[in-house]
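Below: one structure, written as structure tokens.
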Amino acid sequence: MEAMRERQGRVAPARRRGLAEEVADRIRDAVFSGAYAPGAQLREVELAEALDVSRGPVREALLRLEREGLVRSAWHRGATVTTLTAQDVAELHSLRGALEHLAVQQAVTYASDEEIAAIEQTVNRMEQAADEHEMVRCDIAFHDAVYAAARHRRLEEAWQALRSQVYLFLLTRIRVSADGYLKHLPGEHRELVAALRARDAEAALELFATHRRHAFDVLADATISPERPAPGDDR
């Protein structure tokens, strides 16, 4: 018993992380709103002044966002918003597809009528979106609702680990081309909801795959590379 108490005493005291989490939320929201574009520098001093906090929580927040894949750090540039390369785009597309394939199968089988209605509510908000950034938020909320309806805890955790990078994927897509984005996206998602409500797994899987492919094709056509970021990105 004494040995156990001694081992327990070696555990370092927990630190309060609330402030760093809030700072990470603020920076993440700024990236998602378009205030910081891919490639934009995130300077600790400027962020600390803007958020009225010390540099410590900002540094910790940036490390958190780096683990999410939203921020990248380099010794000669400091922290910057991630600029997706062709490999990033391909990997995100394939991994998102694998996760979403399971999520759709699960939702078709296990989602309640109320959960399908919750998915549809996100489409209703899409139809009210005022600009492309608000539409991206609604698009992500739609997929959040699909994963919630899948009733698969580990699958939803995997989605949450990837979520910020998929958000960045969609932001990059509208920077490359927003042509028809506001006009056509709600209708596409209405079709997705209809297939889920009909419990038609084959149709739903095909429609979701086509939906993902649209965004991927826009970015693939931009031929993003580590040397050449997506059009409009500042380096």
Side-chain angles (χ1 to χ4, degrees), residues 28-40 70 81-101 103-104 107 116-147 159 162-198 200 202-225 228-234:
R28 188 188 301 106
D29 288 345
V31 172
F32 289 167
S33 71
Y36 294 104
L70 198 60
V81 179
T82 298
T83 297
L84 298 179
T85 66
Q87 182 175 350
D88 293 328
V89 168
E91 289 184 359
L92 283 169
H93 176 67
S94 61
L95 182 54
R96 180 188 174 194
L99 295 178
E100 200 163 82
H101 186 96
V104 170
I116 298 296
I119 297 171
E120 187 169 23
Q121 283 299 313
T122 67
V123 183
N124 295 340
R125 291 195 291 273
M126 282 183 184
E127 294 173 340
Q128 306 301 318
D131 56 34
E132 288 82 2
H133 283 90
E134 186 175 352
M135 185 66 81
V136 171
R137 285 195 295 274
C138 292
D139 196 352
I140 289 290
F142 174 91
H143 293 282
D144 285 341
V146 171
Y147 280 93
W159 161 246
L162 191 67
R163 185 180 186 274
S164 287
Q165 294 179 64
V166 173
Y167 208 127
L168 188 60
F169 180 104
L170 296 177
L171 289 176
T172 304
R173 179 253 190 270
I174 63 172
R175 285 175 64 80
V176 171
S177 173
D179 185 39
Y181 187 69
L182 288 175
K183 181 179 180 181
H184 299 301
L185 212 65
E188 285 185 24
H189 286 78
R190 286 283 177 205
E191 293 180 353
L192 300 179
V193 173
L196 292 174
R197 182 179 289 108
D200 188 338
E202 183 177 355
L205 289 169
E206 183 176 349
L207 287 168
F208 271 82
T210 299
H211 172 65
R212 290 191 303 272
R213 188 77 195 184
H214 286 166
F216 175 74
D217 286 346
V218 169
L219 295 183
D221 289 346
T223 59
I224 304 167
S225 69
R228 189 163 76 84
D233 289 347
D234 300 321

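Ala90 approaches Phe216 most closely through the heavy-atom pair CA-CE1, 4.0 Å. Nearest heavy-atom pair, Glu100 versus Tyr147, reported as atom, atom and distance to 0.1 Å: N-OH, 3.3 Å. Across every non-hydrogen atom of Phe169 and Leu84, the tightest pair is CA-CD1, 3.6 Å. Contact between Ser177 and Val218 at its shortest, heavy atoms only, is CB-CG1, 4.1 Å. The two atoms that bring Leu182 and Pro186 nearest to each other are O-CD, 3.4 Å, heavy atoms only.
One distance of note links CG of Asn124 with CE of Met126; it measures 10.0 Å at 0.5 Å rounding. Between Ile116 atom CD1 and Gln121 atom CD the span is 13.0 Å, to the nearest 0.5 Å. For the atom pair Glu191 CD and Thr210 OG1, the distance stands at 9.5 Å (nearest 0.5 Å). In this structure, Arg175 CZ and Glu132 CD are separated by 12.0 Å, a value rounded to the nearest 0.5 Å. For the atom pair CZ of Arg212 and CG of Asp217, the computed distance is 12.0 Å after rounding to the nearest 0.5 Å.
Counting heavy atoms from C-beta outward, Met135 and Ile174 have side chains that stay 4.5 Å or more apart. A heavy-atom distance below 4.5 Å is not found between the side chains of Val89 and Glu91. The side-chain heavy atoms of His143 and Arg96, taken from C-beta on, include a pair separated by under 4.5 Å. The side-chain heavy atoms of Trp159 and Val166, taken from C-beta on, include a pair separated by under 4.5 Å. The closest side-chain heavy-atom distance from Arg125 to Cys138 is below 4.5 Å. Side-chain atoms of Gln165 and Leu70, non-hydrogen and from C-beta on, never get closer than 4.5 Å to each other.
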Check your understanding: side-chain contact (heavy atoms from CB on, under 4.5 Å) between Phe142 and Leu192: does it pass, once the steps are laid out?
Key -> CA-CA 10 Å; Phe142 174 91; Leu192 300 179; 3.9 Å; yes

**Study point:** Chi angles and distances behind the side-chain contact (heavy atoms from CB on, under 4.5 Å) call for Leu168, Phe32
**Key:** CA-CA 7 Å; Leu168 188 60; Phe32 289 167; 5.6 Å; no

Exercise for review: Start with the C-alpha gap between Arg190 and Glu127, add the side-chain angles, then the distance that decides, and say whether salt bridge (Lys or Arg N to Asp or Glu O under 4.0 Å) holds.
Suggested key: CA-CA 10 Å; Arg190 286 283 177 205; Glu127 294 173 340; 3.1 Å; yes

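With sequence neighbours excluded, the residues that form a side-chain hydrogen bond (donor to acceptor under 3.5 Å, both in side chains) with Glu188 are His211, His214.
Every pair tested for salt bridge (charged side-chain N to carboxylate O under 4.0 Å, His left out) that includes a residue from residues 134-143 fails, sequence neighbours excluded, so the list is empty.
For the side chain to side chain contact (heavy atoms under 4.5 Å, CB included) with Val136, the lone residue among Leu170, Leu185, Asp131 that qualifies is Leu170. For the side chain to side chain contact (heavy atoms under 4.5 Å, CB included) with Val193, the lone residue among Val146, Leu207, Ile119, Thr122 that qualifies is Ile119.
Here the side chain of Thr83 pairs a donor or acceptor atom with the backbone of Gly39 at under 3.5 angstrom.
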